[in-house]
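First the structure, in the form of structure tokens, and then the observations on it.
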Amino acid sequence: MNTPVPGSQYKVIGTRPIRHDGMDKVTGKAKYGADVKFSKMLYGRVLRSPHAHARIVSIDTSEAESHPGVFAVITTSDMPDLVDKMADLGEGVVNMAHLGDNVLAREKVLYKGQAVAAVAASDVHVAAEAIAKIKVEYEPLPAVTWVLDAMREDAPLLHDNVFTDDMGKKSDKPSNVDKEIHFLKGDAEEGFAAADVVVEREFKTATVHQGYIEPHVATADWNEDGNLTVWTSTQGSFACRAQVAEILQIPISKVKVVPCEIGGGFGGKITVYLQPVAALLSKKSGRPVQLTMQRDEVFEGTGPTPGSFMRVKLGATKEGKLTAGEAWIAFDAGAFPGGPIGPACMCVFSCYDFEHAKVDGYNVVLNKPKTQAYRAPGSTHAALACETVLDELAEKLEIDPLELRLKNAATEGTRRVDGPVYPRIGCVEVLQAAQASDHWNSPLEGPNRGRGVALGFWFNCGLKSSASAHVNPDGTVTLTEGSTDIGGSRASIAMQLAETLGITAEEVHPQVVDTDSVGYTDVTGGSRVTFATGLAAYKVGLDIEGQMTSRAAELWDCSPENVRVESGVYSHNGDSLTFAELAEKLHATGEAVVGRATVAPDGATNGFGAHLVDVEVDPDTGKTTILRYTVIQDAGKAIHPSYVEGQMQGGAVQGIGWALNEEYFFDDQGQMKNASFLDYRIPTFLDVPMIDTIIVEVPNPDHPYGVRGVGETPIVPPPAAIAIAIHNAVGVRMTELPMSPPKLWKAISDQS
Amino acid sequence: MGGLTTLSGFEYVAPTDLTAAATALRDAGGRACVLAGGTDILVQLREGMRSADLVIDVKKIPELLQLEYAPDSGLCLGAATPCYQIYTTADVVNAYPALVDATRIIGGWQIQSRASVGGNLCNSSPAADSIPPLLVHQAVCHLAGPEGRRSIPVSDFCTAPGKNSLQPGELLATLTLPPQPANAGSAYQRFIPRNEMDIAVASAASWIELDDSRNAIKSARIALGAVAPTPVLAEEASQFLVGKAPTEENFSEAGVLARQVASPIDDMRGTVEFRVHLAGVLTQRTLALAHQRVQDS
Amino acid sequence: MTKKTHVTTTINGEETEFLCEPRQSLLEVLREVLDLTGSKEGCNNGNCGACTVLLDGLPVDSCLVLAVETEGAEITTIEGIAQQGHLHPLQQCFLEGAALQCGICTPGFIVGAKALLDRNPDPTEEEIRFNLAGNLCRCTGYDKIVRSIQEAADRLQSAT
């Protein structure tokens, strides 16, 4: 058991207990998606498009079907017709035809790696042999993979049923631009006219992938009675259930999704890929079927985050007051509409108080995998552009970059360009903590070294969560929740229940259960789980405490209002019982105590973070070494500080990878050339230093313990901070991600 | 290719003598492949870059697992001896530092427990880390076939990307590296965008021998990787150094000369311009490190 | 389908026999034939280290070993690291130090780190990073993994 933090108002919150699921995860016992096994289970493989854009002329599966050991072969003809059906799956309205096409292509393939057919067989090798025997005739079409090319009038058109949605108004002819966004606050022209200094830059970022280590996997068993069970690694079992039911056109109550332990997601394991396919193979074969992706399928067939082109212009007075901001942002959506252009436009100026600002955003379909959420989707791109330009402004104005940020920082009452007015936020406190940090105050010496600072923002959301709990006779409490645990959330949720009840974290047993066993719970995403499911746990705690109080009152023959509860001790007139003592008496004295809660908190929890980085650049090779790194972030209240730090460190390192080396290489046919962990270069153990963390706590007024989401903000500042540090090291302004050695070397060579 | 990724069905044999291995290889008529550490071959088989009906595991042949070193006779290295064993053998570390540099960075530790220098050579990638060190250390390849044995210098081994002078039915048995004279040192470096787990964008190995005063270079050899269809010796740059003082200026000049043998390709790992530039940088750096090692010895 | 081969090995101290096709990797046999699912498949081509096991005491990527090659070999998997109901100090320190988030890379890291500490009882940060660079983690940023391995090294040393 952990000792409470001295001076803290809390006994459990702020301590560092061992996570409840930890034992199984360090001994190899934890059951991840690929670890479930059933008698007679078949193994499947998926046939994928070799073309970036082509019409499917015909598919002949006959040879595959007769291959020994094959039990089922499916194509899109085994799927219900989903033409232009719209469905709200909790994450906005989705065109089911697009979702279905991304699961198994119907008439056209729109990217290399798009699924076309699938096989279930006695083992994976047999399935792969059978896959090779499926004959697909394609009529190749011209492909487009760069966002500005895809926006041109003469670009190959991907969909004849996609029309530009311009703030609710639809275009009259089909377009690759599926969405336009325009935000305006004040009058940008007027703002720039009042500026003493104006800086404008253009930026490009490459397509990057979430890069979770566990490939996608799903196992399905479609029973004779029409009930379908899916075991899978997913960020949201209810979101998975809704998508599977819609794609297969079966009642949602016929589908049960059992969430397995999940080996990373970062936004990429919300959309379904394999789950409906495994279900159809199971239906056809009459056996459970497991489908697992190979690593190249993960890169080529699942959602990366958009590549982008951005232009940002900022103006300021010589005193350092920002007068205006203007941003033009184009994101590639991948093969189907949708993507994080909205958040990018909302985040680009979110850290600062602008009187005048204008933001224009464009979402563009092209022949790459359909993009999906990736940790603070859109905000990292936007921060690269805004923060780099802001740094250049500071340089021109000869104002300390942290000072310039403090002068303009958003505070309570600041209205963002997209409309919302901030409640109490910690932007200023984060900047002040950065200013006071040992890192900022330590000199950095030596040639080709530079320091950078950048600020980042992510909304963090609330959405819906449900939880229940029952009191055991030994004084422990079993907590049932629906948020799949991607990085220690069982602990952070259980700790909030423990704090509420005055028991220890170890006395709560959190269980993540299937969609038949808990109330509706939204995805593990949007940095919402510790906030919203934690809020549900808090309310469960209040419910249980109320019932326990009544039971104590019954024992003492008094009114519940006269029972005093403090730190898990129930007392009245000299009598007192601990939570455990009272729990022991429950069975003999009446019904069981079961608490429940379901919540849907509104609005954002507003997470701000500042990153400090020292780099050294080798001018002869263009290679950047990260010497020192500090993450400063407002967590509202850190429930389990170790896992808050872990989010800050992990997000920073993902951001470092994005900044320096990660990118999809496409050839001129739209084929990805580096679909492996060898050539898609995520940071290795040897590529990063220790990552220092400073947790700032400006309590969120909308949560009983002050929690803000923390998971996503840490990926936002790194590329900007590193670009700025590189500039300070070797004098070049890098405006293209990744800032890989060949590009940086070229920029340095061109400069000298 | 995703769903197609699998190993096709093959037979497996693990002969205990070289002749049996060579005979099996010949009899399979091009449908067999030799398995040493397997860290390249299994990936190639799985991804369909290669196919085989028979896999011949040579790790049960004692000769192919040897690691014998004596100061007066040099190093005899079995073709399947894993990298890990090489860099944990102190005598080898002292005598052939360039080779040891390479064996420590071929993949991670898990790869090095299995991968062999012989396998790296037979895979014959232009970017293979161990080949430039073998070139500057003048390794000799001892080949065994059904008809007997022959030996060739390592500089004659690789012929094109993925191609080498092994004849049908022939396999690499051992590599020998001549003993090292006094006042000699070597080094290998590659450039990769990360710090580990990567394929060389360009690489260089340098070997120098100083005279007894250690003020002049008696002999030098420089080899480059990933800048030509095969790893190459930079003869002119090597010759330039003979008789010169071991100074930064001369190493830098040798780097400029070494770039002349670089004829790289543009690909996602690097441009022609970048690779040629790196060849010079790495030549200079490995010469300086090799020199430092002589000084420290 | 190719004929299956009979293989006898020692896995986590127990003599183990299995039948496999030559094309089956050690990882596949551990997971699918022997139900030892603690070793994870992350890339199936030796780039991520999630499938790390000890083969005759040395860490290897079990996806790059054919199961037929392991005749007579001694294999240790994550399931064999805890002894007689007691966690290995590495496992305990990973738990206490929050060195895992999603946990999919954890078995590979613990097996690899054990191999390191078996040979180098007091590794520096640089040695830890270098020797375990074949194990990828996408969640933690590696910081807490370094600290947990160092803490385990300290505990192992003070225990001896």
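The chains referred to below are lettered A, B, ... by the order of the sequence lines, with proteins before strands, and numbering in each begins at 1. Every heavy atom of this structure was used, including side-chain atoms; hydrogens, water molecules and symmetry mates were not.
Checking side-chain atoms of N195(B) against main-chain N and O of L686(A) turns up a donor-acceptor pair under 3.5 Å.
S740(A) does not touch chain B: none of its heavy atoms, backbone or side chain, sits under 4.5 Å away. Residue contact with chain B, scored on non-hydrogen atoms closer than 4.5 Å, involves the backbone of F677(A) exclusively.
By the neighbour-count criterion of 12 heavy atoms within 6.0 Å, atom NZ of K244(B) is densely surrounded, having more than that number from other residues, nucleotides or ligands.
Annotation: ring pair (Phe, Tyr, Trp, His ring centres under 6.0 Å) contacts involving residues 254-288 of chain B, sequence neighbours excluded, comprise W745(A)-F274(B), W745(A)-H277(B), F191(B)-F274(B). Counting only residues at least two apart or in different chains, salt bridge (Lys or Arg N to Asp or Glu O under 4.0 Å) contacts with residues 654-675 of chain A comprise E662(A)-R138(C), D667(A)-K673(A).
To the nearest 0.5 Å, atoms CE (M268(B)) and OH (Y680(A)) are separated by 13.0 Å. One finds the NZ atom of K623(A) at 10.0 Å from the CZ atom of R194(B) (value rounded to the nearest 0.5 Å). With values rounded to the nearest 0.5 angstrom, D198(B) atom CG is found 8.5 Å from D687(A) atom CG.
With chain A as the partner, the residue from I199(B), D267(B), T271(B) showing the most heavy-atom pairs under 4.5 Å is I199(B).
Of all heavy-atom pairs spanning G9(B) and E129(A), the tightest one is N-OE2, 4.4 Å.
Residues R285(B) and D620(A) have side chains in contact (heavy-atom distance under 4.5 Å, counting atoms from C-beta outward).
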